[in-house]
Protein chains: 2
Amino acid sequence: MPTLSGKNRAKTAELFHALADETRLDILDQLKEGERCVCELTDALQTGQSRLSFHLKVLKDAGLIHDRPEGRWIYYAINSDVVEELEDLVASLKTVKKTVRPSPRC
Amino acid sequence: MPTLSGKNRAKTAELFHALADETRLDILDQLKEGERCVCELTDALQTGQSRLSFHLKVLKDAGLIHDRPEGRWIYYAINSDVVEELEDLVASLKTVKKTVRPSPRC
DNA sequence: ACAATGCATCAAGATTCATTGATCATTCAA
DNA sequence: TTGAATGATCAATGAATCTTGATGCATTGT
């Protein structure tokens, strides 16, 4: 089971940070239905190209999406394996069984 | 199935934002094992009280934790139901079946 | 009643993040 | 080869976030 703290706390925080923005949630919502090129996204989300490019980079750096250049276009798609990592991370938040513990000494 | 976009995009982004910080991940890691008062957390995480209080507020505002004042102490604990919401949200990121779609018209 | 403890909150400063417009590189079509 | 289209990147500005130290407020023990 993954733990939130530990060696890759930073990577975990980066993952969640990538999800912590409404524009990026919109992007992912689009990509859920399959890969899309940037022009389709600017079209669907009604936003500036440079803005979109910025957010795509954040998502890509976090590992949530990947790109596939094809000719003049670049298609973006969700990285399913990273989504599964995310599921594990969130699942690891579930409270473990409560054990008896010493009273606070502070 | 929840959708990332839509009515509560903002709330979703707030949830993920609360998770997008290493200190807050550390806090949650502690709370996984049961409720803790602030003094225990400052102790365990070796950090300033005011800093911790700030992050606890972020987590609480997002709904991830709740507090229970008892005498001189305030105990914090994870909100399991919100963790389950989170699981659903992450699960909703999974790519749906790819359908044939028109070529990009841009 | 007084002092001490646990914790929230505020103000100030530093840092990070997001937005916008401009520019550049690459690809394709005429 | 010239020009248009796709998309990345950079610089500048503004906004949000985090940190730290100070202050204030309950609650408890003496």
Side-chain angles (χ1 to χ4, degrees), chain A residues 5 9-28 30-31 35-62 64-77 102-106, chain B residues 5 9-28 30-31 35-62 64-77 102-106:
Chain A
S5 307
R9 250 159 67 251
K11 187 64 193 166
T12 302
E14 187 187 6
L15 263 178
F16 285 124
H17 168 80
L19 293 168
D21 178 277
E22 302 190 36
T23 301
R24 294 196 285 270
L25 291 178
D26 286 342
I27 292 173
L28 291 171
Q30 293 287 321
L31 297 184
E35 64 177 17
R36 292 283 183 273
C37 65
V38 180
C39 57
E40 287 177 289
L41 292 172
T42 53
D43 212 22
L45 302 182
Q46 285 287 98
T47 187
Q49 178 267 319
S50 143
R51 195 167 96 97
L52 207 44
S53 201
F54 167 77
H55 289 294
L56 286 169
K57 180 166 168 49
V58 172
L59 288 169
K60 183 181 167 189
D61 287 348
L64 277 166
I65 63 178
H66 59 91
D67 58 344
R68 178 178 69 83
E70 179 176 319
R72 195 201 301 242
W73 296 280
I74 298 185
Y75 288 90
Y76 282 92
S103 298
R105 62 241 163 283
C106 46
Chain B
S5 307
R9 250 158 70 250
K11 186 63 194 168
T12 302
E14 187 187 5
L15 264 178
F16 285 125
H17 167 80
L19 293 168
D21 178 278
E22 301 190 37
T23 300
R24 294 196 285 271
L25 291 178
D26 286 341
I27 292 174
L28 291 170
Q30 293 288 321
L31 296 185
E35 62 178 16
R36 292 284 184 272
C37 62
V38 180
C39 57
E40 288 178 288
L41 293 172
T42 54
D43 212 23
L45 303 183
Q46 284 290 96
T47 187
Q49 178 266 318
S50 139
R51 196 167 95 98
L52 207 44
S53 202
F54 168 78
H55 289 294
L56 286 169
K57 181 167 167 50
V58 173
L59 288 169
K60 184 181 166 188
D61 287 349
L64 277 167
I65 62 177
H66 59 90
D67 58 345
R68 177 177 71 82
E70 180 175 320
R72 197 198 302 239
W73 296 279
I74 297 185
Y75 288 90
Y76 281 93
S103 297
R105 61 241 163 287
C106 48

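Remember, predicted model here, so these are calculated numbers, not experimental data. The sequence lines fix the lettering, A, B, ..., with proteins before strands; numbering per chain opens at 1.
Among the protein residues, A:Tyr76 comes within range of the sugar-phosphate backbone only, with heavy atoms under 4.0 Å from sugar or phosphate atoms but none that close to a base.
Taking atom CG on B:Leu41 and atom P on C:dT5, their separation rounds to 19 Å, with Å as the unit. Taking atom CG of A:Asp21 as the reference point, atom P of C:dT16 lies 18 Å away to the nearest angstrom. Look at CD1 on B:Ile74: it is 12 Å from C1' on C:dT9, rounded to the nearest Å. Atom CD of A:Glu70 and atom C1' of D:dG7 are 15 Å apart (whole Å). Per the geometry, CG belonging to A:Leu19 stands 12 Å off P belonging to C:dA18, to the nearest Å. Following rounding to the nearest Å, B:Ile65 (CD1) and C:dA8 (P) show an atom-to-atom distance of 9 Å. As a whole-Å value, the separation of B:Asp43 CG from C:dT5 P is 14 Å. Atom CG of B:Asp61 is separated from atom P of D:dC18 by 12 Å (rounded to the nearest Å).
Here the NE2 atom belonging to B:His55 is positioned 11.5 Å from the CG atom belonging to B:Leu28, to the nearest 0.5 angstrom. Taking NZ of A:Lys60 as the start and CG of A:Asp67 as the end, the distance is 3.5 Å to the nearest 0.5 Å. The line from OH of B:Tyr76 to CD1 of B:Ile65 is 6.0 Å long, rounded to the nearest 0.5 Å. Note that the CG atom of A:Leu31 and the CZ atom of A:Arg24 stand 13.5 Å from one another [nearest 0.5 Å].
Of the candidates A:Leu59, A:Leu64, A:Asp21, A:Ile27 forms a side chain to side chain contact (heavy atoms under 4.5 Å, CB included) with just one, namely A:Leu59.
Among D:dC18, D:dT6, D:dT28, the nucleotide with an atom closest to any side-chain atom of A:Arg72 is D:dT6. Comparing D:dT17, C:dG6, D:dG7 by their closest approach to the side chain of B:His17 singles out D:dT17. For B:Arg24, whose side chain is taken as the heavy atoms from C-beta onward, the closest listed nucleotide among C:dA8, D:dG7, D:dC18 is D:dC18.
Annotation: proximity of residues 48-57 of chain B to DNA chain D (heavy atom, distance under 4.0 Å) is found for B:Ser50, B:Arg51, B:Phe54, B:His55, numbered in ascending order.
Remark: the backbone N or O of A:Ala62 is paired with a side-chain donor or acceptor of A:Lys11 at under 3.5 angstrom.
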Requested in this report: Would you check, one step at a time, whether the test side chain to side chain contact (heavy atoms under 4.5 Å, CB included) holds for A:Thr47 with A:Leu41?
Outcome: CA-CA 8 Å; A:Thr47 187; A:Leu41 292 172; over 6 Å; no
